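First listed ligand is number 1; within each ligand, the first listed atom is number 1. Since the structure is predicted, the reported quantities are computational estimates derived from the model, not experimental observations.
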Amino acid sequence: MAAVLPPASSASSFVILSLLAALSFPLVSPCDRCVHRSKASYFSIPSPLSSGACGYGGLALGFNGGNVAAGIPSLYKNGAGCGACFQVRCNAAGICSKHGKTVILTDLNKDNGTDFVLSGRAFAGMANPGMSRQLLQLSIVDVEYKRVPCEYKGLNLAIRVEESSQKPHYLAVKVLYQGGQTEIVAIDIAPVNSSRWGYMRRNHGAVWDTSRVPEGGLQFRFLVTSGYDGAMKWARSVLPAEWRNGEVYDSGIQIEEIAEEGCSPCDEGGTW
Ligand SMILES: *[C@@H]1O[C@H](CO)[C@@H](O)[C@H](O)[C@H]1NC(C)=O
Ligand SMILES: *[C@@H]1O[C@H](CO)[C@@H](O)[C@H](O)[C@H]1NC(C)=O
């Protein structure tokens, strides 16, 4: 009987794809470089970001040379925004550089006064050469920012098995080094070479889990936003049968898709 049922995930993935397709933007232009204006401040110590809502732990401080940020709920997106990359620049005359700094979102910012709280390194990184001390003294600045693709040179998307996993009943994984400019909206899991797909659910941030853990080596499918709808990224062999808590496993694939937003203005030419 089970053999003729569709994969467990197909219904939910279908609904998600339909929802994504329905999100059209009739009043604004399609854009992958929507420019937003807000303010940014910074953490004077890095620890708030490493214990952040995304669940990256101390790993976050090694991301992107420590250029990480906490973002407001509309950027955090209940965890789907974890790992997203943004180019942020300030405009204090003479102090701020034109290009600003690219940061990775690793935490939720609950303070509604600024869209971002940056790591001190990222905040200082928005300055012109020699001006980082002056910038840090401002504490809070007006910024423009836009989403940009995440680039992990030479690194594939990876899966870290979390310490809370309990073989064979419970598997929790954290998604690391997520490239492209997308959100992961669903993750399916199955034994290698099998079509017995089950789904994982987002536990929090970048952490997904399931209490229906298939035996043996495991493959993953990632449904990501792409263009105006979705794309399925298939990693055919990720976890070995003898997967262990605390280990990081290379998925063998990387996400390069770009999801469109609808907005005005759009940084058409990618001028900064
Ligand atoms: C920010 O939050 C405070 C306290 O919750 C509230 O009083 C204030 O109106 C909020 N400001 C904005 C711009 O939402
Ligand atoms: C999966 O299929 C490939 C190709 O048929 C085979 O080489 C590999 O050993 C299989 N792996 C498992 C775990 O069954």
Exercise. Excluding sequence neighbours, so at least two apart, what forms salt bridge (Lys or Arg N to Asp or Glu O under 4.0 Å) with E215?
Worked result: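 Scan of E215 (salt bridge (Lys or Arg N to Asp or Glu O under 4.0 Å), adjacent residues dropped) gives none.
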
For this session: Name all residues meeting the salt bridge (Lys or Arg N to Asp or Glu O under 4.0 Å) criterion together with K39; count only those two or more places apart in sequence or in a different chain, and write none if there are none.
Result: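 Once residues adjacent in sequence are excluded, the partners of K39 under the salt bridge (Lys or Arg N to Asp or Glu O under 4.0 Å) criterion are D142.
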
Exercise. Do F116 and F86 have their ring centres less than 6.0 Å from each other?
Worked result: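 Centroid distance F116-F86: below 6.0 Å, so yes.
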
Problem set entry | Validation row: R89, M126 side chains within 4.5 angstrom (heavy atoms) |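 No, too far: nothing below the 4.5 Å cut-off.
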
For this session: Would you please write out the protein residues whose heavy atoms approach any atom of ligand 2 to under 4.0 angstrom, listed by chain and number?
Result: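 Protein residues near ligand 2 are V192, N193.
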
For this session: For D111, enumerate each residue passing the side-chain contact (heavy atoms from CB on, under 4.5 Å) test, keeping only those at least two apart in sequence or located in another chain.
Result: N109, T114

For this session: Check the pair R147, E183 against salt bridge (Lys or Arg N to Asp or Glu O under 4.0 Å), reporting the backbone distance first and the verdict last.
Result: CA-CA 12 Å; R147 210 149 156 209; E183 279 132 40; 3.1 Å; yes

